[in-house]
Participant: 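So that we are looking at the same thing, I have put the structure below in structure tokens.
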Amino acid sequence: MINYESVIGLEVHMQVNTRSKVFCECSTQFGSKPNSNTCVVCTSQPGTIPILNKKAVEAVIKTGLALGFNINKESNFARKQYFYPDSPKNYQITQFNPPLCSRGRLLIIVRGEAKVINITRIHLEEDAGKLVHEIGRRQLDYSLLDLNRAGIGLMELVTEPELSSPEEAFEFLSELKNIVEYLGTSECSMEKGKMRCDVNVSIRPAGQKEYGVKVEVKNINSLSGVRDAIAYEVERQKEVLNSGGKLVQETRLWEAEAKMTKSMRSKEEALDYRYFPEPSLTPFELTDSFIEGLRREIPELPRARKARFIKDYGLTEYTANYLTSAKIIADYYEEALSYLKDKKASSKLLANWISTELNARFNILKISILESPISCQNLARLVSLILDGTISGKIAKTVFDKMFEKSSDPEKIIKEEGLIQISDKSIILKMCEEAIFESSKAVEEFKLGKEKAIVAIVGLVMKKSKGKANPQLVSKVLMEKLKM
Ligand code: ADP
Ligand code: MG
Ligand code: ZN
């Protein structure tokens with residue numbers, strides 16, 4: 001059996017985060033009534049003229065700068081001709097050569113190993129409309145056309161064929177999504193179609209230089225879908241070759257439910273797009289000061305923020321990784337931290353509550369931190385109540401559960417449930433005396449030198465207090481009593 005390795009390249013479309021479309025003033029509002037965000041330009045009426053949205057160009061360049069791209073200062077648009085009913089113009093305004101950005105890169109870390117993935121280009125282009133296929137009455141099938149999306153600006157990013165596993169592709173896209181969300185140049189929501197990805201997959205005998213026959217898989221709408229589609233495709237290709245078959249260059253569709261790819265068209269039928277310079281948009285030139293101005297607007301990116309979290313807040317690599325894995329989580333953490341007086345004392349504790357307890361619940365409920373029933377202000381309060389000894393860490397878990405359930409503040413819950421920690425020495429002393437009286441065996445062991453036996457007595461006091469006694473104080477009082 002031949003040992004095959006896989007070669008993967010990605011083509012990613014991200015909707016630029018602008019309020020209006022790329023060549024007209026129509027709104028980009030998601031979920032509007034079908035065809036309400038349209039005008040003579042984006043419905044392709046004859047004789048209309050596109051006007052370039054500067055903000056869309058800025059978004060692409062900013063993204064390019066953040067990923068180490070060269071910005072091509074002399075730029076233009078091209079017409080790509082093809083017929084499809086979702087695009088009444090019968091062509092798409094896009095960029096051919098040069099694109100706005102050439103030769104960038106992204107560092108990914110998979111199973112502890114760092115790898116740089118080169119990115120060929122990012123260019124700006126317009127989106128097409130959307131066909132809605134209806135199964136009509138009387139068995140008549142028909143399709144509806146919604147042009148709200150037609151003319152929305154997209155940045156298309158194309159990688160070199162340098163990814164070599166489904167995990168690497170997954171990591172690349174997660175990292176890209178995270179960076180672009182930090183930049184704010186796209187919302188990257190795959191559910192809303194604001195980030196879409198086509199994957200190109202081939203296999204070759206390990207060590208061989210030449211590439212194998214490439215298959216393009218379209219129609220994938222989630223990160224895990226990308227991973228699954230690549231894994232499926234690699235296995236399928238191996239099976240074809242191992243059984244003596246031949247692969248053909250083709251485009252396949254990912255069927256998410258069936259978890260398999262299906263042939264759509266072979267490349268032989270591929271169109272010649274006959275690109276030519278778009279006559280209604282003049283070529284344009286970007287100045288250095290325009291580009292440098294955009295470079296200055298680039299905010300702190302995930303890796304830098306992670307390093308700062310480790311350095312300034314004393315977090316572990318693991319926790320910092322989780323907190324910076326999405327901008328919304330890192331923002332939640334730092335906002336919560338801003339409510340705490342002693343940042344040094346609270347930064348780690350707060351980070352742990354977010355990365356363990358909150359994270360676990362989000363995973364179960366499949367919600368994002370934006371939908372957290374516990375506001376960052378309330379989580380900060382909980383942490384400060386632990387730090388000042390009002391409640392123990394154990395009670396805090398109970399309070400946390402109730403906070404999550406009722407979305408209310410910790411003080412209210414502590415009051416309602418009578419959960420304040422008992423730190424009154426005379427009450428603790430009384431409970432300790434009772435416990436000593438009831439634990440003759442442990443006491444005897446302790447007196448014979450087995451200091452560990454005290455744990456059982458502490459446990460009994462905690463039980464008597466329904467978990468509310470201050471455990472440090474209980475240990476201290478017990479020690480004093482037993483050593484008397
Ligand atoms: P096409 O002309 O078919 O669109 P491109 O050269 O533009 O092909 O590449 C499109 C994408 O396919 C890029 O992401 C590229 O990295 C990837 N790619 C090219 N060749 C291969 C291959 N043999 N195996 C996997 N991916 C490939
Ligand atoms: Mg291509
Ligand atoms: Zn319009």
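This structure is a prediction, so every number in the text was calculated from the model and none was measured. For ligands, and for the atoms within them, numbers begin at 1 and follow the listed sequence.
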Participant: Are Ile354 and Asn359 packed together at the side-chain level, in the sense that at least one heavy-atom pair is separated by less than 4.5 angstrom?
Facilitator: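 A side-chain contact under 4.5 Å is absent here.
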
Participant: In ligand 1, which numbered atoms sit nearer than 4.0 Å to a non-hydrogen atom of Ser202?
Facilitator: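 Numbered from 1, ligand 1 contributes 22 (C), 23 (N), 24 (N), 25 (C).
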
Participant: Of the choices Glu162, Arg121, Glu11, Lys214, which has the non-hydrogen atom that lies closest to atom 9 (O) of ligand 1?
Facilitator: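 Ranked by closest heavy atom to atom 9 (O) of ligand 1, first place is Lys214.
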
Participant: Quick one: side chains of residues 39-53, donor-acceptor pairs under 3.5 Å with protein atoms, not counting sequence neighbours, listed by atom name and distance.
Facilitator:
from, atom 1, to, atom 2, distance (Å)
Thr43, OG1, Cys39, O, 2.7
Thr43, OG1, Gln45, NE2, 2.9
Ser44, OG, Lys89, N, 3.4
Gln45, NE2, Thr43, O, 3.4
Thr48, OG1, Gln45, O, 2.8
Asn53, OD1, Lys55, N, 2.9
Asn53, ND2, Ser20, O, 3.3
Asn53, ND2, Ser20, OG, 3.4
Asn53, ND2, Lys21, O, 3.1

Participant: Can you confirm, on distance only, whether ligand 1 has an N/O atom lying under 3.5 Å from any N/O atom belonging to Thr159?
Facilitator: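 Thr159 vs ligand 1: N/O contact under 3.5 Å present.
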
Participant: In terms of atom number and element, which parts of ligand 1 are under 4.0 angstrom from non-hydrogen atoms of Gly212?
Facilitator: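 Selected atoms, number and element: 23 (N).
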
Participant: Measure Leu10 to ligand 1 on non-hydrogen atoms and call it side chain, backbone, both or neither using the 4.0 Å cut-off.
Facilitator: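 Leu10 to ligand 1: backbone contact only, side chain stays beyond 4.0 Å.
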
Participant: Report the part of Val7 (side chain from C-beta onward, or backbone N, CA, C, O) that has a heavy atom under 4.0 Å from ligand 1; answer both or neither where that applies.
Facilitator: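 Under 4.0 Å from ligand 1, Val7 contributes backbone and side-chain atoms.
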
Participant: Tell me if the centroids of the rings in Tyr333 and Phe309 come within less than 6.0 Å of each other.
Facilitator: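 Yes; Phe309 has its ring centre under 6.0 Å from that of Tyr333.
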
Participant: For Asp146 and Pro34, indicate whether the former's side chain and the latter's backbone hold a donor-acceptor pair under 3.5 Å.
Facilitator: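 Not confirmed, Asp146 side chain does not pair with Pro34 backbone.
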
Participant: For Tyr211, which residues count as a ring pair (Phe, Tyr, Trp, His ring centres under 6.0 Å) partner, sequence neighbours excluded?
Facilitator: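 With neighbours one apart ignored, the set is empty.
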
Participant: Just which atoms of ligand 1 are under 4.0 Å from any heavy atom in Glu160?
Facilitator: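 Near Glu160, meaning under 4.0 Å from one of its heavy atoms, ligand 1 has 16 (O).
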
Participant: Considering both backbone and side-chain atoms of Pro161, is one of its nitrogen or oxygen atoms within less than 3.5 Å of a nitrogen or oxygen in ligand 1?
Facilitator: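 The answer is yes, given that Pro161 and ligand 1 share an N or O pair closer than 3.5 Å.
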
Participant: What is the distance from atom CD1 of Ile8 to atom CG of Leu163, rounded to the nearest 0.5 Å?
Facilitator: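 Here the interatomic distance stands at 6.0 Å.
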
Participant: May I ask you to decide if the ring planes of Phe23 and Phe77 are parallel, tilted or perpendicular, using 30° and 60° as cut-offs?
Facilitator: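 Perpendicular, since the angle between the ring planes exceeds 60°.
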
Participant: Parallel, tilted or perpendicular: which describes the rings of Tyr82 and Tyr273, with under 30° parallel and over 60° perpendicular?
Facilitator: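 Rings of Tyr82 and Tyr273: perpendicular, over 60°.
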
Participant: The Zn ion (ligand 3): which protein N, O or S atoms are under 2.8 Å away?
Facilitator: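 Near the Zn ion (ligand 3), below 2.8 Å, one finds Cys24 SG, Cys26 SG, Cys39 SG, Cys42 SG.
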
Participant: Looking at residues at least two apart in the chain, or sitting in another chain, which of them share a ring pair (Phe, Tyr, Trp, His ring centres under 6.0 Å) with Tyr84?
Facilitator: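 Partners of Tyr84 by the ring pair (Phe, Tyr, Trp, His ring centres under 6.0 Å) criterion come out as none, since no residue qualifies.
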
Participant: Can you list the atoms of ligand 1 that are under 4.0 Å from a heavy atom of Val158?
Facilitator: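 Those qualifying, in numeric order: 13 (C), 14 (O).
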
Participant: Is a donor on one side and an acceptor on the other found under 3.5 Å between the side chain of Asn72 and the backbone of Pro99?
Facilitator: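 A pair under 3.5 Å: yes.
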
